[in-house]
Amino acid sequence: GQSLEQPSEVTAVEGAIVQINCTYQTSGFYGLSWYQQHDGGAPTFLSYNALDGLEETGRFSSFLSRSDSYGYLLLQELQMKDSASYFCAVGNNAGNMLTFGGGTRLMVKP
Amino acid sequence: NAGVTQTPKFRVLKTGQSMTLLCAQDMNHEYMYWYRQDPGMGLRLIHYSVGEGTTAKGEVPDGYNVSRLKKQNFLLGLESAAPSQTSVYFCASSKVGSGANVLTFGAGSRLTVL
């Protein structure tokens, strides 16, 4: 099976940088993804890492280390609208199923 | 381009009643999924489908059935609703291969079972 661990809550101030970590234990692995969900909304895709290293998309970056079963999402120049829950997710070996972590609630303060 | 559409958005059921949630996608995606999300928790996979006419069990399939008669539609059924099935249900779809990590979600269906 798959299990993922991420912090339940993180608080940061506007303009700062925040890192949300994710560790996983899997019987198979097909990439690490990150999703954002605002209260009352649907999850939306942010980024995907299939290989080790850093992927950058604007203010957001995601990192993966397969040997450490670890990844993180880095959010720079935080804005109030970044207040949301962030979920990491791993794909299974067959590449047809995603398992999600419990989510990290990010609160951005002025 | 509507993406993924779920109906209904809200529903209240009494214990023992049955209902069907409908999911439709217009992106020609092969894979479709049903997740449930309970307050303060992540998404748990109920059932999924890798193509028309195929379905498979996810992490929490008990009490639910699904059907994928057409590529664009994925139905989730509750035969005899229980209070433990009170949740927000999300349908999602994706392409095959590495694209399967990029899910497009519907807006969600909030179900309350009394």
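A quick note: this is a predicted structure, and the numbers were derived from the prediction, not measured. A, B, ... follow the sequence lines: proteins, then strands. Residue 1 opens every chain. Heavy atoms only: backbone and side chains are in, while hydrogens, waters and symmetry mates are out.
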Test item: A/Pro43 and B/Leu43 side chains (from C-beta on) under 4.5 Å apart, heavy atoms: yes
Against chain B, label A/Gln6 side chain, backbone, both or neither, depending on which of its atoms sit under 4.5 Å from a heavy atom there. neither
Testing the basics here: between A/Phe87 and B/Gly42, what is the closest heavy-atom pair and its distance to 0.1 Å? CE2-CA, 3.5 Å
Look up atom OH in A/Tyr48 and atom CG in B/Leu103, then write down how far apart they are to the nearest 0.5 Å. 12.0 Å
Going hydrophobic residue to hydrophobic residue with side-chain gaps under 4.5 angstrom, can you get from B/Phe74 over to B/Leu21? yes
Neighbour count >12 (heavy atoms, 6.0 Å) for atom CD, B/Gln17: yes
Specify the closest pair of heavy atoms between B/Ala107 and A/Ala42, including all atoms of both residues, with the distance to one decimal. CA-CB, 4.2 Å
What's the separation between atom CG in A/Leu98 and atom CG in B/Leu45, rounded to the nearest 0.5 Å? 8.5 Å
Could you check whether atom CD of A/Glu14 has more than 12 heavy atoms from other residues, nucleotides or ligands sitting under 6.0 Å from it? yes
Hey, could you give me the CE/CD distance between A/Met97 and B/Glu59, rounded to the nearest 0.5 Å? 6.0 Å
Per-residue contact mode, B/Gln37 against chain A (heavy atom under 4.5 angstrom): side chain
Just how far is it from atom CZ of A/Phe45 to atom OG1 of B/Thr104, taken to the nearest 0.5 Å? 9.5 Å
Check the hydrophobic clustering (I, L, V, M, F, W, Y; side-chain heavy atoms under 4.5 Å; chains of links allowed) and say if B/Leu13 and B/Tyr89 are grouped together. yes
Could you check whether atom CZ of A/Arg66 has more than 12 heavy atoms from other residues, nucleotides or ligands sitting under 6.0 Å from it? yes
Check whether the ring centres of A/Phe100 and B/Tyr35 lie less than 6.0 Å apart, and answer yes or no. yes
Is it true that, when you exclude A/Glu77 itself, more than 12 heavy atoms of the residues, nucleotides or ligands shown sit nearer than 6.0 Å to its CD? no
When only pairs under 4.5 Å are counted, which of A/Gly41, A/Gly103, A/Ser33 shares the most heavy-atom pairs with chain B? A/Ser33
Would one find more than 12 heavy atoms of other residues, nucleotides or ligands at under 6.0 Å from atom CZ of A/Arg105? no
Side-chain heavy atoms nearer than 4.5 Å, only ILVMFWY residues, links allowed to pass through others: does that put B/Tyr64 and B/Leu22 together? no
